[in-house]
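Structure first, then comments.
Just so it is clear: chains get the letters A, B, ... in the order the sequence lines come, proteins before strands, and each one is counted from 1.
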Amino acid sequence: MAPRRVIIRNHSAEANLFARRTFIAFASVLVLLLILFSNVYSLQVESFEKYQTRSNSNRIKLLPVAPNRGRIYDRNGVILADNKPVYSLAVIPEQTNHLKASITQISKLLNITKNKQEKFFKSVKRKRRFKQIELYPRLSEQQVALFAVNQHKFPGIFVDARLKRYYPFGKLTTHNLGYVARINRKDADKLELAGKSENYAATHGIGKLGLEKYYENILHGSIGHQEVEINNQGRIIRTLDFAPPTPGTDLTLTLDIELQMIAKRALSGKRGAVVAMDPRTGGILAMYSNPSYDGNLFVHGISNKNYNKLRNSKDSPFINRSVRGYPPASTVKPFLALTGLEERAITPDTKVWDPGWYQLEGLPNKYRDWKKWGHGWVDLNKAIEQSCNIYFFDLAFKLGITKINTMMERFGFGDYTGIDIHEESRAIMPSVSWKRARYNQPWYTGETLSVGIGQSFWTVTPLQLTQALTTLVNHGERKVPHFLKAIKEISTVGEEKNQSSFKEIIYEEKAPLVLKQQKNWNLVLNAMHRTVQVVGATAYTPFKGSKYDAAGKTGSAQVARIKQDEKYDAKTTQENKRDNAMFIAFAPYHNPEIVVAVAIENVAKGGGGTNAGPVARQIMDQYFGNRVITSNLDNPIPHTKVAAQHQHNLSSPSNAIENVEAE
Amino acid sequence: MRSTGQDQQQVRTVWQKLHIDLPLLLGILSLMALGLFIVYSASGQNMGMIYRHLRSIGVALVVMLVVAQIPPLSYRKWAVPVFVIGILMLVAVLLFGHVGKGAQRWLDLGIMKFQPSEVMKLVVPIMIAWFISQHNLPVKISTVILAFILVLIPTLLIAKQPDLGTSLLIASSGVFVIFLAGASWKLIGICAGLASAFAPILWMFLMEDYQRQRVMTFLNPEQDPLGSGYHIIQSKIAIGSGGLEGKGYLHGTQSQLEFLPERHTDFIFSVFSEEFGLIGVAVLLSVYLFIVMRGLWIAVNAQHAFTKLLGGSLTLTFFVYVFVNIGMVSGLLPVVGVPLPLVSYGGTSMVTLLAGFGMLMAISTHRRFHV
């Protein structure tokens with residue numbers, strides 16, 4: 001201690017100095033407190049909204065909720081594309097008592113492979129413990145039941161249901177409906193480009209083919225959102241708000257699934273396609289391509305093995321034959337005849353002598369008729385009834401390729417029909433400029449002759465044939481072929497609020513095909529009628545005994561090139577080089593309700609009449625049921641000149657497509 | 001000014017007999033009560049934490065009561081030896097210290113772990129106050145320089161641990177004594193100049209990488225919003241989104257959903273201002289202001305230079321705690337782990353603080369008995 005020092009100090013001066021300094025310190029404290037306060041003020045008052053927003057974006061997450069895809073029905077309300085729950089086994093690791101033991105036990109119970117278990121444990125390591133992880137993708141109903149009984153033993157393991165697309169008719173509808181499959185990189189990029197990514201945030205599948213692809217926009221619906229509060233780990237604490245998704249629109253098709261089944265049965269064991277259309281609307285009643293494949297395989301992701309099996313199959317089930325090009329052969333003769341009448345190259349009474357072959361003046365090549373000894377004198381009716389090639393060689397020669405091409409394009413050949421699936425082919429309607437562009441070669445007259453019997457470069461799709469036939473039976477009115485009949489609408493106003501009803505789609509017609517002489521329509525249609533109704537005509541046999549007054553035309557297309565003087569024999573020709581059988585038909589003759597086109601590849605024996613005709617017959621039998629529509633053509637009329645010939649027996653269907661120098 | 005024993009008997013109340021300064025106690029208790037509530041909210045309603053916090057409060061209050069019984073002038077006898085022991089312990093920490101949270105702060109004494117830097121928070125002001133009160137006021141330059149050196153030794157030793165927050169508090173406790181002792185303004189100016197000249201050297205040679213990083217983060221937290229900037233950004237979001245009235249007790253989303261780090265310790269102010277808003281902040285700051293005013297009043301009214309200097313320094317250091325903590329969580333200062341005094345969870349700092357308040361109370365209640 002130093003008491004003496006204390007005594008000599010000036011206490012009051014020291015106290016004053018200290019008080020002054022303390023005051024300064026206190027003033028500084030006040031200033032600093034003010035700084036703190038004004039800073040907090042600026043955060044909490046001036047920047048309040050900014051920080052509130054940031055705080056909310058921290059804690060509030062919008063979880064996308066996928067809309068249910070619109071269902072697809074046939075014209076009678078039979079469901080063709082449905083959404084079915086698929087059950088998977090999911091685990092939330094943090095909720096299990098002992099993860100490893102639980103997984104081992106459940107795997108034993110449900111027969112889960114080691115492979116799947118390992119995959120599961122790998123994703124456990126990657127994901128947070130409160131997130132759901134899939135252990136088994138598709139549980140069978142037995143497995144679901146087995147698990148339900150034992151669920152109490154497995155806390156944290158549960159069955160998760162998710163809606164997946166299901167096509168109850170499988171193969172029967174795949175070429176029309178297409179299918180929905182997992183959104184891949186390419187799809188995602190496309191969605192991104194179209195600005196639709198957000199709407200697909202929760203969606204797993206997208207329409208890949210057929211109607212599912214064409215109507216993706218309306219089938220998909222709009223995304224909904226679940227607003228949840230999350231913590232810093234991303235764990236959901238509670239739901240704040242829920243904006244439900246708008247489900248996709250249900251579609252009703254013009255398709256009749258029963259007719260479709262008949263088509264499938266009629267084509268079984270064959271490669272080919274059949275299209276049936278209502279000529280009054282353009283609505284597709286049936287469209288089936290055989291062989292087909294099951295679109296359901298793609299919904300869950302097809303295995304490589306299955307995919308390769310389908311892809312490498314020589315029957316190419318992936319091809320939709322209804323919309324791929326075939327040589328039309330004789331089925332286009334009525335259209336060519338119409339062209340001839342319209343261009344005044346022929347009259348109904350024009351007669352052509354058919355000795356069994358046709359030869360251009362000054363050229364050595366002989367163009368043969370399918371009937372070796374010829375048909376004798378042939379007029380329009382007989383030419384179509386008997387499918388006489390010589391008549392049409394002569395007609396084609398008179399018309400020339402350009403006139404043919406112009407008229408055929410007006411029927412829609414060589415162009416898209418505009419049907420509501422994307423897979424259709426334009427096929428080929430050849431012309432001088434087309435050949436120049438494609439082969440850089442001039443057009444040869446010999447090719448015109450081949451075009452005259454629906455061969456050469458000319459190809460048409462069965463769908464194009466139905467479209468052209470529709471135009472023919474409608475006397476030039478042209479319809480857009482389509483599947484979509486109606487869409488489901490949910491009314492938002494009035495007494496019927498939230499009630500749904502199907503609203504028919506109205507299709508605009510295409511520009512009509514107007515003839516200079518209207519009577520020409522009936523001349524050709526009459527000839528087609530006779531082709532079915534006259535005994536011995538080429539299409540008589542397949543419709544023998546039918547009660548609904550059909551009309552039609554056969555066709556046999558040569559697939560392989562046959563050399564001059566070579567004889568075609570189906571038995572000795574390679575299967576894939578055999579002729580194709582074609583057939584078109586409509587009924588009833590007056591006010592037609594259905595047009596049908598059939599194409600069958602590489603038939604073993606016979607032509608369009610024997611192979612494709614019965615397919616059209618079965619479709620129409622199903623369509624008309626017990627309805628009786630009597631023919632006003634004396635039915636059946638015996639054909640005077642070819643009474644004995646009741647068979648369209650194909651021996652050698654014409655036409656070598658050797659390039660004949662014409663110029 | 002001296003009173004007779006009889007006069008004292010008449011004036012002394014129960015509180016004075018217990019050597020308790022009632023206004024100061026009320027201020028402290030209200031902050032502690034507030035702390036309990038906020039820790040409850042910040043810990044996600046963890047009662048276990050509340051019990052531990054209550055125990056710390058109890059221990060701290062007992063420490064305060066015990067310290068308050070010791071006549072303050074008697075500290076002077078112990079100032080030098082305790083200071084020397086303290087320095088030796090700091091050296092020991094650097095040599096054999098226990099590493100926790102990336103820094104060496106703890107000394108393992110076998111029975112208990114001990115943090116010498118905490119003790120130095122009290123020992124340094126005592127030492128400097130004693131040293132300066134040896135001489136007449138205002139202090140001379142030579143005294144100031146010597147005092148500075150005395151402050152610098154523990155400051156650097158603690159900064160080396162590294163514990164920037166504590167070394168800052170210890171440095172300021174010493175500087176406050178020198179300031180209050182009347183160091184001339186010229187001298188203060190020179191020191192301030194030297195300090196700013198020293199800053200680049202500090203940056204280049206003395207600061208650790210992580211400390212430099214903290215300063216960079218402070219200058220631009222958005223540069224690394226999920227890394228080093230995360231704490232301060234989330235803290236500002238918590239404070240700012242509280243608004244005028246706050247989100248309500250237990251309803252602060254930043255804290256309840258754990259976006260805010262160190263919620264019950266360093267960032268407890270953010271929890272508080274998120275839930276109670278600007279109004280709550282105004283009340284909280286008022287309570288701190290009240291405690292500072294009371295502490296300074298006690299210092300001014302102390303009758304010895306030593307007690308005046310010590311009381312003033314302890315009070316101002318307490319304020320530095322408040323300022324640094326709130327400043328750092330609201331983005332005014334870089335993050336240097338300093339808790340919000342009397343509110344944050346954590347026993348050690350609570351005990352040290354209340355020991356300091358015990359000294360203030362001793363200064364307030366023992367003044368009539370000093371020699």
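- For Glu134(A), the CD atom sits in a packed shell: over 12 heavy atoms of surrounding residues, nucleotides or ligands are nearer than 6.0 Å.
- The environment of Phe242(A) atom CZ is dense: over 12 non-hydrogen atoms of other residues, nucleotides or ligands sit within 6.0 angstrom.
- Here Ile35(A) contributes atom CD1 and Ser330(B) contributes atom OG; the two are 11.0 Å apart, rounded to the nearest 0.5 Å.
- In this structure, Phe319(B) CZ and Phe26(A) CZ are separated by 10.0 Å, a value rounded to the nearest 0.5 Å.
- Judged by distance alone, the side chain of Arg21(A) and the main-chain N or O of Ile178(B) form no donor-acceptor pair under 3.5 Å.
- Using a 4.5 Å cut-off between heavy atoms, Gln256(B) makes no contact with chain A at all.
- How far OG of Ser47(A) is from CD1 of Ile237(B): 12.0 Å, rounded to the nearest 0.5 Å.
- Looking at Phe179(B), both its backbone and its side chain come within 4.5 Å of chain A, counting heavy atoms on both sides.
- Options Asn56(A), Thr22(A), Asn58(A), Ile24(A) differ in how many heavy-atom pairs under 4.5 Å they form with chain B, and the most are formed by Asn58(A).
- The nearest pair of heavy atoms linking Phe18(A) to Lys308(B) is CZ-O, 3.0 Å.
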Inset, instruction - Quick one: do Lys247(B) and Ser55(A) satisfy side chain to side chain donor-acceptor pair (under 3.5 Å)? Show the steps, please. - result: CA-CA 11 Å; Lys247(B) 293 176 182 170; Ser55(A) 161; 3.0 Å; yes
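- Of the two parts of Leu316(B), only the side chain, counted from C-beta on, holds a non-hydrogen atom closer than 4.5 Å to a non-hydrogen atom of chain A.
- With a 4.5 Å cut-off on non-hydrogen atoms, Phe269(B) touches chain A through its side chain but not through its backbone.
- Under a cut-off of 6.0 angstrom, the local environment of OH in Tyr41(A) is sparse, with at most 12 non-hydrogen atoms contributed by other residues, nucleotides or ligands.
- Counting heavy atoms of neighbouring residues, nucleotides and ligands inside a 6.0 Å radius, atom OH of Tyr87(A) does not exceed 12 of them.
- Around NZ of Lys164(A), the count of heavy atoms belonging to other residues, nucleotides or ligands within 6.0 Å exceeds 12.
- Note that the CG atom of Leu32(A) and the CG atom of Leu285(B) stand 11.5 Å from one another [nearest 0.5 Å].
- The part of Ala181(B) that comes within reach of chain A is its backbone (N, CA, C, O), which places non-hydrogen atoms under 4.5 angstrom from that chain.
- Only the side chain of Ile233(B) has a heavy atom closer than 4.5 Å to any heavy atom of chain A.
- Heavy-atom distances place the side chain of Val292(B), and not its backbone, under 4.5 Å from chain A.
- For Asn231(A) (side chain) and Glu258(B) (main-chain N/O), no donor-acceptor pair under 3.5 Å exists by modelled atom type.
- Between the side chain of Gln44(A) and the backbone N or O of Ser273(B), at least one donor-acceptor pair lies under 3.5 Å.
- Here Val29(A) is the residue among Val29(A), Val45(A), Ile237(A), Ile230(A) with the most heavy-atom pairs under 4.5 Å with chain B.
- Distance CZ/Arg59(A) to OG1/Thr253(B): 5.0 Å, rounded to 0.5 Å.
- For Asn115(A), the CG atom counts as loosely surrounded, since its 6.0 Å shell holds 12 or fewer non-hydrogen atoms of other residues, nucleotides or ligands.
- Interface summary for chain A: among Leu309(B), Ile326(B), Leu257(B), the most heavy-atom pairs under 4.5 angstrom belong to Leu257(B).
- Taking every heavy atom of both residues into account, Leu289(B) and Leu33(A) meet most closely at CD1-CD1, 3.4 Å.
- Between chain A and the residues Phe323(B), Tyr288(B), Phe259(B), the most heavy-atom pairs under 4.5 angstrom are made by Phe259(B).
- Considering every non-hydrogen atom in both Phe37(A) and Val281(B), the closest pair reads CD1-CG1, 4.3 Å.
- Only the side chain of Glu229(A) comes within contact range of chain B, with at least one heavy atom under 4.5 Å from a heavy atom of that chain.
- In terms of heavy-atom pairs under 4.5 angstrom with chain A, the leader among Ile239(B), Val322(B), Leu244(B) is Ile239(B).
- For chain B, the nearby part of Asn39(A) is the side chain; its heavy atoms alone come within less than 4.5 Å.
- More than 12 non-hydrogen atoms from other residues, nucleotides or ligands lie less than 6.0 angstrom from CD of Gln151(A).
- For the set Gly242(B), Gly327(B), Gly246(B), Gly277(B), the entry with the most heavy-atom pairs within less than 4.5 Å of chain A is Gly277(B).
- Environment of CD in Glu227(A): crowded, with over 12 heavy atoms of neighbouring residues, nucleotides or ligands closer than 6.0 Å.
- Contact of Val40(A) with chain B is made through backbone and side chain together, with heavy-atom distances under 4.5 Å.
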Residues Leu332(B), Leu36(A); criterion side-chain contact (heavy atoms from CB on, under 4.5 Å); working and verdict: CA-CA 8 Å; Leu332(B) 280 179; Leu36(A) 283 184; 4.0 Å; yes
